[in-house]
Amino acid sequence: MANSGDDPTVFSCTALPSDSRLLPTVTNAYLGTRVYRDILHVNGIYNGAVGDTHRADVPSPINVKMKVSSKDEVTETFSLNTRTGTFSHVLQSPEYTATHRIYAHHARVHLLAFSITIQRATTKRQPITVQLQTQFTPKSPDVDFNRGPDYQGAQYIYGKTLIPEVEGGPQPTVHMVWTPVPQAVILLGEEQEQSWEFVTAVAESEEGVKRHFQEGISLVAAGSLYSSHTQAWAARWRGCCIDVDGPLSLKQAVYGCLYYLLSAIPPLGSSGFLFHGISPGGLSNGTQGEDYWGHVFWDQDTWMFPSILLFYPEAARAILEYRIRTLDGAMRNAQELGYKGAKFPWESAATGCEVCPEKIYGAQEIHITGDVLLAFEQYYHVTQDAKLFREDGGWNLVGAVSQYWCSRMVWSEEEKVSQFMPLPGARGLTQNWSKLCHSVKCLLTLPPGVMPPDEYHYQVDNSVYTNAVAQRSLNFAADLAHDFQIPVPEEWLEFAKKVKVPFDTEKKYHPEYDGYRAGEHVKQADVVLLGFPMMYPMSPEVRRNDLEMYEPVTERDGPAMTWSMFAVGWMELKEVQRAQSQLGKCFNNITEPFKIWSENSDGSGAVNFLTGMGGFLQAVLFGYMGFRITKNSLNFDPVCPEDINRIKVTGVSYLGNKLNFTITKERIRIKVTKSSGDPRLSLLEAVLVESGQHIPLHEGMVSPNSCSAMKACPASFLVVTPTEESHECPLRNLAPTQHPLGISTPPQAALGSSTLKTCPVFLHSTPPKMS
């Protein structure tokens, strides 16, 4: 197998992988399948009760493959073009070229399509026949399909799912109309070239599916079905891209991750689209017993969400709206366990009720509730979208999560801490946890019965990550209430202040939980998440100790996202070589030739593992580029490794503005490409942290020579310029935490571009010279 030259956006081969799970996916926000697979899945359509619920299998009319006679001398090429969102199969012979294109329409998300094109290569005029191989049958184990009358020459089936997720719950109906596929297509003797296009439409009503199919065939008649798809992808890439001038393998990995993740989010300009979240394997996977059955985990909120948010806040909002719609189910989860508020399910489907097949995870892996709220917090700081919280249900979710944490915590006199109450039947505490301690010396803890992100350990006391994310939830809830002038319940502030976050004062590191013994094996990234994305306050020494403590004991072949977080940590400390070593481990999870990720490096677990891809993109955006989302700033502290000459990130969103960032070893350029238009949010400024110099963004770009901050009313973001290894005062030796200053830009700041050079040797308190 070989990829297509040096083009990092096209993945090609001459033979398909023997494991069909590693074939590329063609998906959009509503429909998804793997190429040459006999089933497809639909956004939000599940079948089965509670722990048995899974994505409903729908037969796929686009499971078609070209086949030629063994007498023909042909070469085959299979390609995934990430720029156009298209899978192609090309047959090349001395007589003709036949091209089969498969795609999920990126703008008209109710459509899947494929085309066959035959081009004559000689002056010979005999007919050319290409056989089409398909095994389509309009049946499903999950949907009771019925045959309807043909519609405009197309075939039509409809039916509803067999078993609701919860008793008395909805059983969605699936309607599908598709162009019949012949056994062969023939280029007649008098024809030089001919194309045949086939459309499949899926919706949840008869009126809807026929309308979408009619739109599709109208575009076919106008010759613009495929071009409208590629134009939608072009618009997507114009608004979001990461270009790396570095190793080909890195460039391919970045484009692959972006393609598969961007395929999963709602299309541009679809604010009313009812989105049902992103599962670890995406819409293409999730049949019964496969890839976590299409359930939504913390993978979405912790691993995929941050990168989506930086580029497309409207898509990030759709993810949060899914959590808001499933709030009733989350409240039911809490109530069934004897708590108040909302406990988000470890595995979620359509209702928000817990659907994890194994009860231990659903009952104990409660950090998911804090993970969900952390995504809401990040969104609020990047967008200042008060409407989501004031009018669209966000505040209700924030309050319900806070109620849950407070009802789950308990005061501890013996440890002088407060902890979470145990689940019924869980191992009891040595102290009388039910007795409240009102002394200011008492703190709050989480009780036994908790499973941290490290799933090798369960029913533990005071998971450091779980406690810290609970504290973060309560602090955000209090801050948001203050912003909205809503009275803050005293217990939110008290519990946030006094929750126990385990720390070993002698070894100066964070034990994973009470009783953790240094050197114990762990499954995946856990404590290291305190540094990022939690940004829990700690010194560089403690951050380093956490990384060094857990790196050697973390499962080497474990879940793919783990090493990205170690890489981010080392880049934060400017230990670039150590970071590169950790990030290099991720490539063991990338399969050839289509850059499909496996959950584990031995190929086991989920495939098309979007969680790992999301982690990898975070290593680029929050590692190399050094972005950090904070209450008052979008921090920017980049590093540029030796084997990378330049990184350009296009389309970063901040407070309604769009910006491009370019870093090299010598300079950094920042360009404001679009202003928000909101006078409260559109004024950006930059501030050099070391010198305190203020740099307005009237030219759109900044390249300071020291730590700086770009500030927009009312927030700012930090910028640190990389420096060369030979410099006498390299920035990598600076402490990562700085205190930015800020000024306002002129009210009439114009869009444009400028560049500032970095100081070649020392950091100066005087402004850098403009180039």
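Residue numbers run from 1 in the order of the sequence given.
Residues Thr200 and Leu111 have side chains not in contact (no heavy-atom distance under 4.5 Å, counting atoms from C-beta outward). Side-chain atoms of Trp233 and Leu262, non-hydrogen and from C-beta on, do get closer than 4.5 Å to each other. For the pair Glu190/Arg125, no side-chain contact is recorded, criterion being any heavy-atom separation below 4.5 Å from C-beta on. Between Val58 and Met176 there is a side-chain heavy-atom pair separated by less than 4.5 Å. Two residues are said to be in side-chain contact when any heavy atoms from C-beta on lie closer than 4.5 Å; Glu314 and Ser270 fail this criterion. Contact of the Val42 side chain with the Tyr30 side chain is registered, since non-hydrogen atoms from C-beta on lie closer than 4.5 Å. Taking the side chain as every heavy atom from C-beta outward, Ile278 and Tyr322 never approach each other to under 4.5 Å. The side-chain heavy atoms of Thr351 and Thr326, taken from C-beta on, include no pair separated by under 4.5 Å.
Counting heavy-atom neighbours within 6.0 Å of Lys160 NZ, excluding the residue itself, gives a total of 12 or less. Within 6.0 Å of atom CD in Gln135, 12 or fewer heavy atoms from other residues, nucleotides or ligands are found, so the atom counts as exposed in its surroundings.
Between Ile644 and Ile647 the shortest heavy-atom distance is CG2-CG1, 3.6 Å. The minimum heavy-atom distance linking Pro357 with Trp293 is given by the pair CG-CZ3, 4.2 Å. Residues Ala29 and Leu283 share a closest heavy-atom pair of O-CD1, 3.7 Å. Taking both residues in full, the closest heavy atoms of Leu16 and Phe87 are given as CD2-CZ, 4.4 Å, listed atom of the first, atom of the second, then distance. Closest approach of Gly169 and Pro164 over heavy atoms only: O-CB, 3.5 Å. Of all heavy-atom pairs between Arg83 and Tyr255, the closest is NH2-OH, 3.2 Å.
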Criterion salt bridge (charged side-chain N to carboxylate O under 4.0 Å, His left out) on Arg37 and Glu290, from CA distance to verdict: CA-CA 14 Å; Arg37 194 179 192 188; Glu290 171 194 79; 2.7 Å; yes
Going through the checks in order, is the salt bridge (charged side-chain N to carboxylate O under 4.0 Å, His left out) test met by Glu206 and Lys210? CA-CA 6 Å; Glu206 180 177 358; Lys210 291 181 177 179; 2.7 Å; yes
With side-chain hydrogen bond (donor to acceptor under 3.5 Å, both in side chains) as the test, would you mind laying out the steps for Gln618 and Ser564 before giving the verdict? CA-CA 7 Å; Gln618 289 192 58; Ser564 298; over 6 Å; no
What verdict does the side chain to side chain contact (heavy atoms under 4.5 Å, CB included) test give for Leu621 and Val649, after you've listed the backbone C-alpha separation in whole Å, the side-chain angles of each residue and the deciding distance to 0.1 Å? CA-CA 8 Å; Leu621 293 170; Val649 178; 3.9 Å; yes
List the steps, then state whether side-chain hydrogen bond (donor to acceptor under 3.5 Å, both in side chains) holds for Gln133 with Tyr36. CA-CA 10 Å; Gln133 186 178 36; Tyr36 305 141; over 6 Å; no
Would Asn285 and His41 count as a side-chain hydrogen bond (donor to acceptor under 3.5 Å, both in side chains) here? Give the steps. CA-CA 8 Å; Asn285 299 316; His41 294 131; over 6 Å; no
As a quick check of understanding, evaluate salt bridge (charged side-chain N to carboxylate O under 4.0 Å, His left out) for Arg646 and Asp243, giving each step before the final call. CA-CA 8 Å; Arg646 181 182 68 100; Asp243 288 309; 5.7 Å; no
What verdict does the side-chain hydrogen bond (donor to acceptor under 3.5 Å, both in side chains) test give for Tyr46 and Asp52, after you've listed the backbone C-alpha separation in whole Å, the side-chain angles of each residue and the deciding distance to 0.1 Å? CA-CA 10 Å; Tyr46 292 89; Asp52 190 48; over 6 Å; no
Take Arg120 and Glu95 through the test salt bridge (charged side-chain N to carboxylate O under 4.0 Å, His left out) and record every step on the way to the result. CA-CA 6 Å; Arg120 194 180 298 277; Glu95 308 295 328; over 6 Å; no
Carefully, step by step, assess Tyr158 and Phe145 under the rule ring-ring contact (aromatic ring centres under 6.0 Å, His included). CA-CA 5 Å; Tyr158 65 93; Phe145 276 120; 8.5 Å; no
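Ring to ring, Phe213 and Trp178 are not that close: their centroids are 6.0 angstrom or more apart. In this structure, the ring of Tyr259 has its center no less than 6.0 angstrom from the ring center of Phe594. Taking the six-membered ring wherever Trp is involved, the centroid distance between the rings of Phe114 and His100 falls below 6.0 Å.
Under a 3.5 Å cut-off, the side chain of Ser224 and the backbone N or O of Ser227 do not form any donor-acceptor pair. Without hydrogens or angle criteria, His54 side chain to Asn47 main chain gives a donor-acceptor distance under 3.5 Å. Panel note: side chain Ser307, backbone Met304; no donor-acceptor pair is recorded below 3.5 Å. Of the possible polar contacts, one joining the Glu599 side chain to the Ala606 backbone as a donor-acceptor pair under 3.5 Å is found. The main-chain N or O of His212 is never found under 3.5 Å from a side-chain atom of His110 such that the two would form a donor-acceptor pair. Between the side chain of Ser653 and the backbone N or O of Phe311, at least one donor-acceptor pair lies under 3.5 Å.
Partner of Phe616 under the ring pair (Phe, Tyr, Trp, His ring centres under 6.0 Å) criterion, chosen from Trp563, Phe587, Trp303: Phe587. Of the listed residues (Thr84, Leu80, Thr82, Val254), just one forms a side chain to side chain contact (heavy atoms under 4.5 Å, CB included) with Thr9, and that residue is Thr82.
If you check the side chains of Gln152 and Gln214, you find a donor sitting under 3.5 Å from an acceptor. Side-chain contact, Asp142 with Ser140: no donor N or O sits under 3.5 Å from an acceptor N or O. For the residue pair Thr25 and Ser284, no side-chain donor N or O sits within less than 3.5 Å of a side-chain acceptor on the partner. Inspection of the Ser601 and Asn588 side chains reveals no N or O donor paired with an N or O acceptor under 3.5 Å.
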What side-chain donor-acceptor pairs closer than 3.5 Å can you find for residues 101-109, not counting sequence neighbours?
unit_1: His105; atom_1: ND1; unit_2: Ala107; atom_2: N; d: 3.2
unit_1: His105; atom_1: ND1; unit_2: Arg108; atom_2: N; d: 3.0
unit_1: His105; atom_1: NE2; unit_2: Leu225; atom_2: O; d: 3.3
unit_1: His105; atom_1: NE2; unit_2: Ser228; atom_2: OG; d: 2.8
unit_1: His105; atom_1: NE2; unit_2: His229; atom_2: N; d: 3.3
unit_1: His106; atom_1: NE2; unit_2: Arg236; atom_2: NE; d: 3.2
unit_1: Arg108; atom_1: NH1; unit_2: Glu215; atom_2: OE1; d: 3.3

Could you go through residues 59-66 and list every donor-acceptor pair under 3.5 Å that involves a side-chain atom there, pairing it with any protein atom two or more places apart or in another chain?
unit_1: Ser60; atom_1: OG; unit_2: Ile62; atom_2: N; d: 3.4

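The salt bridge (charged side-chain N to carboxylate O under 4.0 Å, His left out) check on Glu204 picks up nothing, with sequence neighbours excluded.
In this structure, OG on Ser279 lies 7.0 Å from CG on Leu610, to the nearest 0.5 angstrom. We find the OG-CG distance between Ser604 and Asp557 to be 8.5 Å, quoted to the nearest 0.5 Å. With values rounded to the nearest 0.5 angstrom, Leu23 atom CG is found 7.0 Å from Arg34 atom CZ.
Using a cutoff of 4.0 Å between basic side-chain nitrogens and carboxylate oxygens, Asp301 and Arg323 are scored as salt-bridged.
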